[in-house]
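The sequence lines fix the lettering, A, B, ..., with proteins before strands; numbering per chain opens at 1.
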Amino acid sequence: MKTPANYNFQLTEKKWQQRWKSAAGLGKTKERSGGREKCYVLEMFMYPSGRVHMGHIRNFMIGDVIARFKRAKGFDVLHPVGWDAFGLPAENAALANAVHPKDWTYGNIDSMRKQLELFGFSYDWEREFATCDQDYYAVQQKIFLDMYKKGLVYRKESMVNWDPVDNCVLANEQVIDGRGWRSGAPIESRQLSQWFFKITAYTDELFQDLKLLQEWPEKVRTMQERWIGYSRGLMLDFAVKDKKGRELQDLSIYSTRPETIFGASFVAISAQHPLAQKLAKTAPAIAKFVYMCSKSSVSTGDMDKMEKLGVDTETLAYSPLLDGKGLPVYIANFVLQTYGTGAIFGAPAHDMRDWDFAKKYNLPIKDVIRPTNSESVRGGDAPYLGDGVMVDSGFLDGKTTQEAKDYIIEYCEKIGVGKASKFCRLRDWGISRQRYWGCPIPMIHCERCGVVPVTEEDLPVTLPIDVTFDKPGNPLDRHSTWRKTKCPKCGAQAHREADTMDTFVDSSWYFIRFCQDKESDLSVFNKEQIGRWLPVDYYIGGIEHAILHLLYARFFTKALRDCGYVDLDEPFKALFTQGMVCHKAYRHVDGHWLSPEETEIKNGKVVCKADNTVVKVGRSEKMSKSKKNVISPDEMVRIYGADSVRMFVLSDSPVDRDIEWSDEGITGCWRFINRFWRLVVMFSEKYADVIAAAPGTTLKLDRIDSQTSESFKQALRSIAQVGELYEKFQFNRAIAAIHDAVNVMYDLLDCADVYDEEFRGLLLLTNIVMAPITPHFSEEVNQKLGNTKTVQEIDWPDFTVYKLQKETAIIAVQVNGKLRAKLSVSAGASQQDVENMIKNLDVVKKCLSNCCAKKVVFVSDKIINFVV
RNA sequence: GCCCGUGUGGUGGAAUGGUAGACACUACAGACUUAAAAUCUGUUGUUGGCAACGACGUGGGGGUUCGAGUCCCUCCACGGGCACCA
């Protein structure tokens, strides 16, 4: 038979995309009667940078397969798409190219939407929106005011993380290794008035509810747990006196290891501590040290390499617990003002940092814990950090560390020198950004009344369009008219808050907005629609959002619940984090990256075309412009078609791992699609009469019985697994199972014992389980095979109706666990039957010649193992 | 330093404690072709052997088990996250 022509993806993909569009049915959210279950599938929405990259495609593919699969399973599915559209790059583009951020953003959205449409994702485009749409940020301003009324928003003068490149404040979460998460510039400290969300009001709940998120990766839960940094300990009171015994001030110290107090040999406070500031005024040496610390705190970074330094304040700290013994007070560079009370007591024998400090300044090291399984206290030149039994600690002697801890907290509370306390690392969320392209903060500054919220009738506070970017800084600040307004309280001349909100606010509730359809009043929360869809059943995105976005969104959900907007505690039921799409990267000897076009292969070596130097072919790296290893999705669609690209990003690697983009991989998918296509063409030509005689037949395979070949059943077994594999996000295995089925069908095509209609059924079933991955192709195949329903209209097949049990099993014959032979038996054969069958096998005879087996292990249809 | 993850052929990767290497890629061979591409059919963990058939083999070492890639202990390498958090 002549080899059929290649599958024409150009025509086919266009054809089906047009049909889906005109039928307006592909991704449209259906709410059908009959109490169907809902399924909300959401991929983390994207920033409109201008280009869709392969990482997006992989992310969206996971969601698209799940959404299509769940629809076929009979769920009502919500699968929306939108744009996280405020943010700095729009302003940078405005500066660089003299284009308005609004035009830049909406222009990018248009071109990215076109790119996405090439892939045929089953989104409900009717619900699409961008966070910079006025009707979206208007609601956000209302939420802000409601949270303000609830006491969840406040304004405070505080030290902030200032990014000198972006000219902007960053949240703690956005500072990575002392550098801005976006600009990479070293962060400075500045004193500024800022708006804060009181996320710490929800510390307990955010921490406790992590336990509810069993369908989140454990890794993400642990990261959040550590970020919140919950700890329990004792707040202990000290009195600080100078050398002459004059009382200077009281000092509170927080410790999670209060049981080591009798091993304390010094107290250390941070350079920003009020006591340090006070002492610096009169003592030049202290002032100098404090100044030095303030300098170095600006550029954090290699904390671990920083030597522990301190200065003796010549004062002593007294606790009633310590029998009138004063501990020398140091100002030390390793004590953080932002954690606890900014003061510690040092127990060098049982803490690494205290140990280093004591060694440096020759302070006593007193052991108070004897390791549990040891006769004596710590030996050697290191602190003992584990648990044990208290020694040399007065009334704590003989208690275990845990007992001692509980006891001393209780004791201190009783005698009134301390109390049980808890602390967390989590700080309130500073959301003021000195930028133009964001949601305006709806507040007004009045000289007489102070800060006054905008009244609801005056919402939204719209972003003015007539702004200039000719100077650095926030254009809202210098706008000639926009800032001027009347005080809602007294009517006097006042001015608007010029800061805008952190864009992470925008992405903290977008998944709620998607729940409302186009017809609903978008200026209010429609509780019925929101209640119908939330929580998100499958949330899919990158691990890089493990803390920032996911923590903020969880907080927002709880805050909105308390404002009466929603009725749920956690927004995302299951979270799935996918790996990156990587690609080979080429590096020149001098270190700069080369694109593949700048290289060639000479004598089996990759060399740089320009200067013939040997190029280092590095390990596969995440695709990025700077590494010049980006593969453009539309280019790939042009060459191989959308379905091949769709298939490739899910094949090969499990989706939670990185995948390497390769030419072989994508051509492999393209070839497989053609291979399946040829099968369909050959069948439909050979059995044209079958198709013509029974168009629109259902998928039912009537004649699966004992006469059906094992191969045929094997193919059915393979595709029967595919749904379960989708459910488990094991798309690579699902694709392997589909390969299996197609390979078997090739073997079957020429067999005489294949019933024609049965074979068509098998083709159709394989096609249908593959359809979530290759929707255009599958519609075409389905049509070619004469099915009158479209794939979209077909329910997921029920494979349990087929009798697919194997009739024979291959049993492994083992001696002492070593494989000696394989034996085909009828399925379910008993141990006796199997033993009878094999006792004459040479291998078995040889092994059993001199003695009987001590023991025979038999696992039905699997193994028989003789132990001799 | 702490926490988490990963380690299986030339490559990506399969494998409820039960026949390791499914599926795919690469490579090689054969068929088709004037030829090439494409396609189809084989072979492809290492190693000994003409063969039948053996030996070895899931980062290293040890253990539990009739049986370990899988469970336990320990070490190593790589990747990621957090990091002076009292």
Do the side chain of [X] and the main chain of [Y] share a donor and acceptor less than 3.5 angstrom apart?
X	Y	value
R425(A)	W227(A)	yes
H350(A)	Y384(A)	yes
D643(A)	F777(A)	yes
Q814(A)	I864(A)	no
N8(A)	Q10(A)	yes

Expressed as a whole number of angstroms, how long is the span from [X]:[atom1] to [N]:[atom2]?
X	N	atom1	atom2	result
L725(A)	U16(B)	CG	P	11 Å
L548(A)	G81(B)	CG	P	13 Å
R425(A)	A86(B)	CZ	C1'	14 Å
L650(A)	G13(B)	CG	P	15 Å
Y230(A)	C82(B)	OH	P	23 Å
H545(A)	G81(B)	NE2	C1'	16 Å
D663(A)	G12(B)	CG	P	17 Å
I543(A)	G79(B)	CD1	C1'	13 Å

Are a donor atom and an acceptor atom from the side chains of [X] and [Y] found within less than 3.5 Å of each other?
X	Y	value
S270(A)	Y339(A)	no
Y586(A)	N629(A)	no
D428(A)	T200(A)	yes

### Query
Roughly how far apart, to the nearest Å, are A20(B) and A68(B) at atom C1'?
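Result for the C1' pair: 11 Å, nearest Å.
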### Message
Using atom P in both nucleotides, what's the gap between G80(B) and C28(B) to the nearest angstrom?
### Response
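Straight-line distance between the two P atoms is 35 Å.
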### Query
Any stems for RNA chain B, made of 3 or more Watson-Crick or G-U pairs in a row, each with both distances under 3.5 Å?
B:1-7 with B:76-82, B:10-12 with B:23-25, B:27-31 with B:39-43, B:45-48 with B:53-56, B:59-63 with B:71-75
### Task
Using side-chain hydrogen bond (donor to acceptor under 3.5 Å, both in side chains) as the criterion, point out the one residue from T256(A), T203(A), D204(A) that pairs with K422(A).
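Per the side-chain hydrogen bond (donor to acceptor under 3.5 Å, both in side chains) rule, the option paired with K422(A) is D204(A), out of T256(A), T203(A), D204(A).
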### Summary
Scoring nucleotides 18-30 of chain B by protein non-hydrogen atoms under 4.0 Å (B base, S sugar-phosphate only, - none) yields BB--BSSSS----
### Query
Looking at the side chain of S653(A), which of G13(B), A86(B), C40(B) is the nearest nucleotide?
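For S653(A), the side-chain atoms sit closest to G13(B).
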### Task
Kindly confirm or rule out a cation-pi arrangement of R675(A) over Y746(A), judged by NZ or CZ under 6.0 Å from the six-membered ring centre and within 45° of its axis?
yes
### Query
Using the purine O4'-C1'-N9-C4 or pyrimidine O4'-C1'-N1-C2 torsion, is G61(B) syn (within 90° of 0) or anti?
anti
Each nucleotide N or O in nucleotides 2-9 of chain B that has a protein N or O under 3.5 Å away: list the pair and distance.
residue: C3(B); atom: O4'; partner: R226(A); partner atom: NH1; Å: 3.3

### Message
With a 6.0 Å cut-off on the ring centroids, do Y361(A) and F266(A) count as close?
### Response
no
### Message
Return whichever of M223(A) or G340(A) has its heavy-atom-nearest nucleotide of RNA chain B closer to the 5' end.
### Response
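Nearest nucleotide further toward 5': that of M223(A).
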### Summary
Comparing D658(A) with F345(A), nearest RNA chain B nucleotide closer to 5' gives the residue D658(A)
#### Entry: Atom pair NZ/CD1 of K359(A) and I365(A) - distance to nearest 0.5 Å
5.0 Å
